[in-house]
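Numbered from 1 within each chain, the chains take letters A, B, ... in sequence-line order. Both backbone and side-chain heavy atoms feed into the values below; hydrogens, waters and symmetry mates do not. Predicted, not measured: the structure shown is a model, and the values here were computed from it.
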Amino acid sequence: MKLVVTEKNNAAQRIAELLGVKKPKSDKVYNTPVYRFERDGEEWVSIGLRGHILEPDFVPTITYKRNKGWLATPDDGASYKVDIPSFLPKPPFKTKRKPFLADGVAIGGSWKMDALPYLVYAPIQKNPKEKDIIRSLKNLAKKADDIIIATDFDREGELIGSDALSCIREVNTTAPVSRARYSALIKPEITHAFENLVELDMNLAHAGESRQEIDLIWGAVLTRYLTIVKFAGYGNVRSSGRVQTPTLALIVERERERMAFVPEDYWVIKAKFSDGIEPFEATHKEGRFKTQEAADAVMNAVNGAQFGTVSGIEKRKRTVSAPTPFNTTGLMAAAAAEGLSPARTMRLAESLYMAGYTSYPRVDNTVYPSSFDLPAMVKTLSEVPAYEPYCRQLLAKGTLTPTRGKQESTDHPPIVPMQAASPDKLQPAEWKLYNLIARRFLATLSDAAVIEGTKVSVDVNDETFITRGDVVVKPGFRAIYPYGAKKDTILPQLNEGQQVDFLGATCEQKQTEPPARYSQGKLIQEMEKLGLGTKATRHSIIDRLYNVKYIQNDPIEPSQLGIAVCDALGRFAPQITSPGMTAELEKDMNQIADGDKTQKEVVDLSRDILNDVLKELMPHSEEVASALGDAVAADAYVGTCPKCGKDLQMRASNKTKSMFIGCSGWPECDVTYPLPKGKVEVVEEKCPVCGMPQIKVTAFRSKPRVQCIDPNCDSNQEPDVIVGACKACAEKGLDKKLIAQRNPRTLKRFIRCENYEECGVSYPLPQHGELKATEEVCPDCGAPMVIVTTGRGPWKLCPNFDCPGKEKEEGAEDKKAPAKRTTRKTATKKTTRKTSK
DNA sequence: GCAAGGTC
């Protein structure tokens, strides 16, 4: 039996389909899907892994024996000798604190300062990460006479394959192993790869493994250092890493530029004209006036004028080149403009690739390989009706000359369509992305677009105003690729010397703007430029920075903590804050892949460098600790406590983890304020009514609002509203009112009967928006209807969560989307939207 | 409780 090992399940299935003479049989081995098929009269089976199935970690314990030296004791297997440099003390250790190292030394899992120098040199073992898959793999491997590693064709793929092989070798030491290399899951590629099998490139796998080890060692040592130097409780990890820290540094650097920026005033003058048919606007030719005097002089000069004269019309044609082939970043940027986030785009691209519609989505290359049969690919796309006429035009041109991007590599071709698709075969979002990729491909084979720009000058009392218009005269690639194209701005038909009505001018004062903060999309592009992370990981790196609270908001700004971490590492561990470390690592990995260096050489050197870094960092621990402490306090700072004068801070409840504002003088001072649901930011302006700090609250899908933190402040008082009579009490002959009110402590708004103690009638209410009573009662349950007016307009709703009318609606919805039992809150929301006018 | 890299 021949065993094919792929990186993921979908690839295993697809390869089985493409290689098998008949449809492959889906089977399961210990819950892992496998695919059995027949080829050349032989039995084959393919299994997909789940990316990396092994994970590196430190050996948990090392031991020092007087006569043997340092020994590592891995989780499984015999202990072996370790090179711990002689400058590190041997036990028994003399430290000021309790001796932390005894004969059996826990280093791998130790979060103690004293252990860090040893951690730098701790040996690394590989632990199983996907136990189920490993079990299935071994089970199949026992029976295999031939093993073909068919993981993705890149460095990590080679590593994943070699990890799989080491698992296989534990149960099968003899079966020959070969490697299939392919860069698209299509028949010609796959058959070619399996008819031209090569060897697994162990050097390349070792290059990948050194990346894993260096990332782990540096990441773990620096993360543990930052976390314990100023321990802030479990769940408060201060992380650092080869990719995330330089990325953070980019954000911090941009913030510094913004802080150093001195804005300058300038003035812009715009004038309105009309040719008698339609109005148009023009800007004074000066553009930005540096002084108000200069601007005023122009305003005075044109003041009272009735007419302007068209003093010049310039027409100039310019060409816009066809776009270059898509690599991952190019695709993400173009898709972002169509409303698909980077993460979503990659998910969709992966599934299109898996289904064989498009080529491998994780590429840097932007140059088509010469092996591409471009006319054949265009012919394939002409099966899509919407592209057919354009494809015919392209093919009629004869030779097709594609555009080329700046990045050229041979690992994968740029992202291109592999077969025709149609909107009914794909999910809407998949089709959207396929459409983008297919049209982009056709665009790269097309002529440039020609655009005619018109510049019109209009003089008013010797002051010249200018307006511009654009019209496409030869669409070229624009005919098939409308993305990112500006709409034509068409000017009225004007002639030189023509008189037009002058409808007045306005002068606007503006200020020059500091460099903009990064958006997530821009940051990803910047990371790519610097070689930070991979196409598959950049988005998750940014997420990580959000999670450890180094950065906030979008566009991204650093927190004080983020700035402090960056400063501390920049001073004492500059290697980790610069993208240079990644560049060095890339070089080293290439040398390992080429056989010019060994994995051990590279990793050992990296350990020595980290050792030097740690020697810088450790003596400055107090400094770093206080800088981090101050930064955390600054991030949490809300204002001054009215009772004791200490700082009010954002805090998380120990029990519920929910946020509130509390005094830093606790437990001596017990001042607290509740926080409403949603995203909360402290604003600088104090409450105009009571002078307390204010917060900006952005609740889910609503506009932000600013409010005083003190629930008892007059600005937060909302009169109780009588919304109707209590039906339950009325049935008992009592005349009781239902009152909409807020809990003074939690600020939660709800409706309650004034006789609540006895009847227990209460209804939930939306927390925001102005509330009004109505005369109506709900036809389904008799509860009083209310109107809530938010930024999105007024809604009329029945507040009763258990209203039978809601059951009806939910029931109707359940048929369409079953098993969506929503929480109380969202259920209320859903219905309120429905019943809105 | 760490990293970054795969994949889901």
Side-chain angles (χ1 to χ4, degrees), chain A residues 5-13 31-33 47-58 60 107-112 115-116 119-120 122 124 126-127 129-130 132-133 151-164 205 207-229 231-248 343-344 346-351 353-354 360-362 527 531-545 547-548 565 576 581-582 585-586 589 603 606 610:
Chain A
V5 182
T6 68
E7 194 158 318
K8 46 200 162 239
N9 177 47
N10 279 335
Q13 180 174 17
N31 268 335
T32 305
I47 179 171
L49 306 177
R50 207 176 285 161
H52 295 278
I53 54 171
L54 301 182
E55 190 176 32
D57 201 357
F58 299 107
I107 283 176
S110 165
W111 287 63
K112 291 272 156 37
L116 291 186
L119 191 65
V120 171
I124 288 167
K126 280 213 159 178
N127 296 333
K129 189 183 172 204
E130 302 288 344
D132 291 352
I133 289 189
T151 45
D152 288 357
F153 181 12
D154 52 28
R155 190 192 326 139
E156 295 296 327
E158 214 71 13
L159 172 57
I160 291 165
S162 101
D163 282 348
E209 212 166 47
S210 60
R211 197 252 338 128
Q212 281 188 323
E213 297 190 352
I214 289 172
D215 282 343
L216 173 66
I217 299 166
W218 280 74
V221 169
L222 293 177
T223 299
R224 289 184 196 185
Y225 175 85
L226 290 172
T227 304
I228 57 191
V229 75
F231 185 63
Y234 291 98
N236 285 304
V237 170
R238 320 280 187 221
S239 68
S240 172
R242 172 180 57 85
V243 178
Q244 61 168 266
T245 305
T247 304
L248 173 64
R344 180 119 191 266
M346 285 316 287
R347 268 202 308 279
L348 294 168
E350 182 76 18
S351 77
Y353 160 66
M354 282 305 162
Y360 189 69
R362 290 186 283 272
M527 290 170 76
L532 292 173
T534 72
K535 285 116 332 198
T537 59
R538 284 180 195 122
H539 190 259
S540 64
I541 296 278
I542 296 173
D543 268 5
R544 176 76 187 149
L545 293 176
N547 284 335
V548 295
V565 163
I576 198 73
M581 181 164 167
T582 295
L585 181 62
E586 284 293 334
M589 283 194 293
V603 175
S606 186
L610 178 58

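- In terms of the salt bridge (charged side-chain N to carboxylate O under 4.0 Å, His left out) criterion, residue partners of A/Arg50 (sequence neighbours excluded) are, by chain and number, A/Glu130.
- Of all heavy-atom pairs between A/Arg362 and A/Ala536, the closest is CD-CB, 3.5 Å.
- Under the side chain to side chain donor-acceptor pair (under 3.5 Å) criterion, A/Glu55 pairs with no residue at all, not counting sequence neighbours.
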Under 3.5 Å donor-acceptor pairs involving side-chain atoms of residues 157-164 of chain A, not counting sequence neighbours:
residue, atom, partner, partner atom, Å
A/Glu158, OE1, A/Arg179, NE, 2.9
A/Glu158, OE1, A/Arg179, NH2, 2.7
A/Glu158, OE1, A/Arg181, NH2, 3.4
A/Glu158, OE2, A/Arg179, NE, 3.3
A/Glu158, OE2, A/Arg181, NH2, 2.9
A/Glu158, OE2, A/Asp201, N, 2.9
A/Ser162, OG, A/Leu159, O, 3.4
A/Asp163, OD1, A/Lys126, NZ, 3.0
A/Asp163, OD2, A/Lys126, NZ, 3.1

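- Contacts of A/Tyr225 with the nucleic acid, taken as non-hydrogen atoms under 4.0 Å apart, are absent.
- Residue contacts for A/Ile541: at a heavy-atom cut-off of 4.0 Å it reaches the sugar-phosphate backbone alone, with no base atom in range.
- Across all strands shown, A/Glu130 has heavy atoms under 4.0 Å from base atoms, whether or not it also approaches the sugar-phosphate.
- As judged by a 4.0 angstrom heavy-atom cut-off over every strand, A/Arg211 is placed among the base-contacting residues.
- Comparing A/Met354 and A/Gln212 by the nucleotide of DNA chain B that holds the closest heavy atom to each, the one mapping nearer the 5' end is A/Gln212.
- In this structure, A/Leu545 and A/Leu248 approach most closely via the heavy-atom pair CD1-N, 4.0 Å.
- Using a 4.0 Å heavy-atom cutoff across all strands shown, A/Glu209 reaches no nucleic acid atom at all.
- Contact annotation for A/Thr227: base contact, defined as any heavy-atom pair under 4.0 Å involving a base atom.
- The residue among A/Gly533 and A/Arg224 whose nearest nucleotide of DNA chain B is located toward the 5' end is A/Arg224.
- Within 4.0 Å of A/Arg242, counting heavy atoms only, lie sugar-phosphate atoms of the nucleic acid but no base atom.
- Chain A approaches DNA chain B within less than 4.0 angstrom (heavy atoms of the protein), and the contacting nucleotides run 5' to 3' from B/dG1 to B/dC8.
- Within the nucleic acid shown, A/Gly51 comes within 4.0 Å of at least one base atom, counting heavy atoms only.
- A/Asp57 comes within contact range of at least one nucleobase, with a heavy-atom separation under 4.0 Å.
- Residues satisfying the side chain to side chain donor-acceptor pair (under 3.5 Å) test with A/Ser351, not counting sequence neighbours, are A/Glu430.
- A/Arg211 pairs by the side chain to side chain donor-acceptor pair (under 3.5 Å) definition with A/Glu156, A/Asp215, not counting sequence neighbours.
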